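Counting from 1, the numbers follow the sequence of the chain as shown. Bear in mind the structure is a predicted one, so any value in this text is a computation, not a measurement.
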Amino acid sequence: MHSIAKLKSLKKKIASYRLTKIFVIFVFFFGISLPTFSQKNPEKQDAVDSEKSLEDSENKEISKIKKPNEKKLTPEQLTKKKEILEKILKFGSTKERKEALRELWNFPKEYSSDLYKVLPELLNEDPDISIKIATIKTISELELTSENKSIINSLSNESDDVKEAAVYAIHKLKIDEACTNLLDILKSKDFSKNTNLTSSIISTLGELPGGKNAYQFLEAKFIDKTSNADIRAQIVLFFGKIKDLRSEKILLEAVENEDEEIVIRAYSMNSLGKINSQSSIAPLKKILKKIKEVKGKAEIKKYSPLKIYGISALALLGDKDILKELFVYAKDDDTNVRIRAIKQLGEIKSKEALELLEYKAKRDPSPKVQAAAKKAIEEINGTTEKK
């Protein structure tokens with residue numbers, strides 16, 4: 001009997017504790033202050049100053065609540081919430097500050113000027129690597145171009161993770177003045193190894209006007225066969241992005257070299273199309289003719305990417321008849337083949353493919369193919385969202 005009574009008492013305490021936690025979360029969410037009591041000091045204090053703020057796992061659900069369904073806060077509540085977030089960003093634990101940074105993504109900008117002022121301090125002075133990364137991501141998500149210099153300075157951090165976050169932000173914010181710093185980092189890297197940092201820098205340089213200054217260095221690294229194959233493939237894509245005809249010769253050599261990696265040959269074809277290499281039309285057709293003569297399922301599958309990218313390159317170079325080949329591949333039984341063909345149709349912005357792509361976006365049995373078709377339609381219609 002004593003045990004049963006003890007158990008009932010414990011259940012009441014647990015229920016009471018859960019209600020208290022729910023109330024604390026509600027109060028923090030709506031920015032209203034709550035009196036809390038302790039045995040030593042029964043004075044009033046803000047709910048977020050209590051040990052429960054942002055530490056309980058339940059608080060994670062706040063960030064998951066869809067904003068359209070969120071109750072609109074009054075100016076007074078927003079001001080109060082802003083003050084609380086500012087305190088957390090300055091004095092909170094690592095976990096609390098990361099949650100507060102995520103909260104900033106959807107916080108009204110008209111109330112956020114004081115909060116934005118805290119970000120450079122977190123990025124430049126806070127020793128916590130995870131806070132630096134979270135701050136960089138917040139700056140990029142909010143598109144705070146006023147912090148471009150701080151982002152560039154982050155490239156000198158010893159942590160490659162921080163550098164990668166900075167490169168992501170530079171790519172997203174199109175910080176062209178960072179190109180010199182990015183090239184300096186590349187020159188210090190070992191190209192015989194494939195790293196995310198090296199790959200992301202090459203990709204980002206291809207998207208920035210100043211990235212063209214990296215051409216000679218990357219051309220030498222591509223020619224150097226000791227460079228990692230995946231990195232050489234990234235360099236090939238870089239050539240296509242900057243649309244520099246100086247790369248025409250080495251791209252053609254790569255395409256025609258049967259000892260070269262298939263992916264590098266395929267990407268070289270794609271880049272030849274992007275740089276509008278009219279002199280490559282005849283060699284590409286010759287290679288495609290040879291590929292069509294290949295027998296055996298294994299060989300056909302091996303050269304499938306080469307065929308698709310060759311067809312895409314010819315389409316980019318103005319050969320409209322070649323589109324029929326991509327249409328055939330977009331209906332192939334192999335999911336990966338369909339995806340590659342659909343991506344190419346989107347890339348060359350073939351309006352003739354819209355009816356096919358609309359069908360694939362709604363009816364294809366593969367969700368991945370449906371997603372690729374939807375993206376291709378957006379690219380063709382010019383409605384692709386910026387990321």
Would you list the atom pairs, donor with acceptor, under 3.5 Å between side chains in residues 294-308 and any protein atom, with sequence neighbours excluded?
residue: Lys307; atom: NZ; partner: Tyr329; partner atom: OH; Å: 3.2

N/O donor-acceptor pairs under 3.5 Å from side chains in residues 206-216, not counting sequence neighbours:
residue: Glu207; atom: OE2; partner: Lys241; partner atom: NZ; Å: 3.4
residue: Asn213; atom: ND2; partner: Gly210; partner atom: O; Å: 3.4
residue: Tyr215; atom: OH; partner: Glu219; partner atom: OE2; Å: 3.1
residue: Tyr215; atom: OH; partner: Arg246; partner atom: O; Å: 3.1
residue: Tyr215; atom: OH; partner: Ser247; partner atom: N; Å: 3.2

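Looking only at atom types and distance, the side chain of Asp364 has no donor-acceptor partner in the side chain of Ser366 under 3.5 Å away. Side-chain polar atoms of Thr198 and Thr195 form a donor-acceptor pair below 3.5 angstrom. Between the side chains of Gln234 and Asn194, no donor N or O sits under 3.5 Å from an acceptor N or O.
Hydrophobic cluster membership is shared by Leu245 and Leu316, with clusters built from Ile, Leu, Val, Met, Phe, Trp and Tyr side chains linked at under 4.5 angstrom. Under the 4.5 Å side-chain heavy-atom criterion for grouping Ile, Leu, Val, Met, Phe, Trp and Tyr, Leu354 is connected to Leu356 within one hydrophobic cluster. When the side chains of ILVMFWY residues are joined at heavy-atom separations under 4.5 Å, either directly or via intervening members, Trp105 and Ile139 end up in two distinct hydrophobic clusters. Taking hydrophobic clusters as Ile, Leu, Val, Met, Phe, Trp and Tyr residues chained together by side-chain heavy-atom distances below 4.5 Å, Val369 does not share a cluster with Tyr359. Cluster membership check: Val328 does not share its hydrophobic cluster with Ile339, using side-chain heavy-atom separations under 4.5 Å among Ile, Leu, Val, Met, Phe, Trp and Tyr.
Rounding to the nearest 0.5 Å places CZ of Phe217 at 8.0 Å from CD1 of Ile235. Atom CD of Glu256 is separated from atom OG of Ser268 by 11.0 Å, given to the nearest 0.5 angstrom. Separating the CD1 atom in Ile152 from the CG atom in Leu182 is a distance of 8.5 Å, to the nearest 0.5 Å. Annotation: the span from Leu284 atom CG to Leu314 atom CG amounts to 5.0 Å, rounded to 0.5 Å. For the atom pair OG of Ser199 and CD of Glu164, the computed distance is 9.5 Å after rounding to the nearest 0.5 Å. Distance CG/Leu89 to CD1/Ile84: 12.0 Å, rounded to 0.5 Å.
The minimum heavy-atom distance between Asn228 and Ser192, with the atom names listed, is CB-O, 3.7 Å. Across all their heavy atoms, Leu317 and Ser277 have their closest contact at CD2-N, 3.5 Å. When all heavy atoms are compared, the tightest approach of Lys362 to Gln370 is O-NE2, 4.1 Å. Across Lys98 and Ala134, no two heavy atoms sit closer than the pair CG-CB, 4.2 Å.
Environment of NZ in Lys149: sparse, with no more than 12 heavy atoms of neighbouring residues, nucleotides or ligands closer than 6.0 Å. Within a 6.0 Å sphere centred on NZ of Lys193, heavy atoms belonging to other residues, nucleotides or ligands number 12 at most. The number of heavy-atom neighbours closer than 6.0 Å to CG of Asn196, taken from other residues, nucleotides and ligands shown, is 12 or below. Shown here is Lys82, whose NZ atom has more than 12 heavy atoms of other residues, nucleotides or ligands within 6.0 Å. By the 6.0 Å contact criterion, CD on Glu110 is enclosed, its count of non-hydrogen atoms from other residues, nucleotides or ligands being greater than 12.
The backbone N or O of Asn157 lies less than 3.5 Å from a partner atom in the side chain of Lys163, making a donor-acceptor pair. Using a distance-only test at 3.5 Å, with no hydrogens or angles considered, a donor-acceptor pair links the side chain of Asn124 to the main chain of Pro120. Checking side-chain atoms of Ser227 against main-chain N and O of Ile223 turns up no donor-acceptor pair under 3.5 Å. Between the Arg338 side chain and the Lys331 main chain, no donor and acceptor come within less than 3.5 Å of each other.
Seen from the ring of Phe191, Lys221 counts as a face-on cation partner, given the 6.0 Å and 45° thresholds.
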Could you go step by step and tell me if Leu272 and Phe239 meet the side-chain contact (heavy atoms from CB on, under 4.5 Å) rule? CA-CA 9 Å; Leu272 284 168; Phe239 292 151; over 6 Å; no

Does Ser312 form a side chain to side chain donor-acceptor pair (under 3.5 Å) with Glu347? I'd like the steps, not just the answer. CA-CA 8 Å; Ser312 175; Glu347 189 171 293; 4.8 Å; no

How far apart are the C-alpha atoms of Arg102 and Glu141, what are their side-chain angles, what is the distance that settles it, and do they pass the salt bridge (charged side-chain N to carboxylate O under 4.0 Å, His left out) test? CA-CA 10 Å; Arg102 281 194 287 271; Glu141 289 296 323; over 6 Å; no

Audit row: Glu125, Lys132, salt bridge (charged side-chain N to carboxylate O under 4.0 Å, His left out) steps and yes/no: CA-CA 9 Å; Glu125 299 178 19; Lys132 287 182 181 293; over 6 Å; no

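For the pairing with Asp126, the side-chain contact (heavy atoms from CB on, under 4.5 Å) check across Thr94, Thr135, Ile131 returns one residue only, Ile131.
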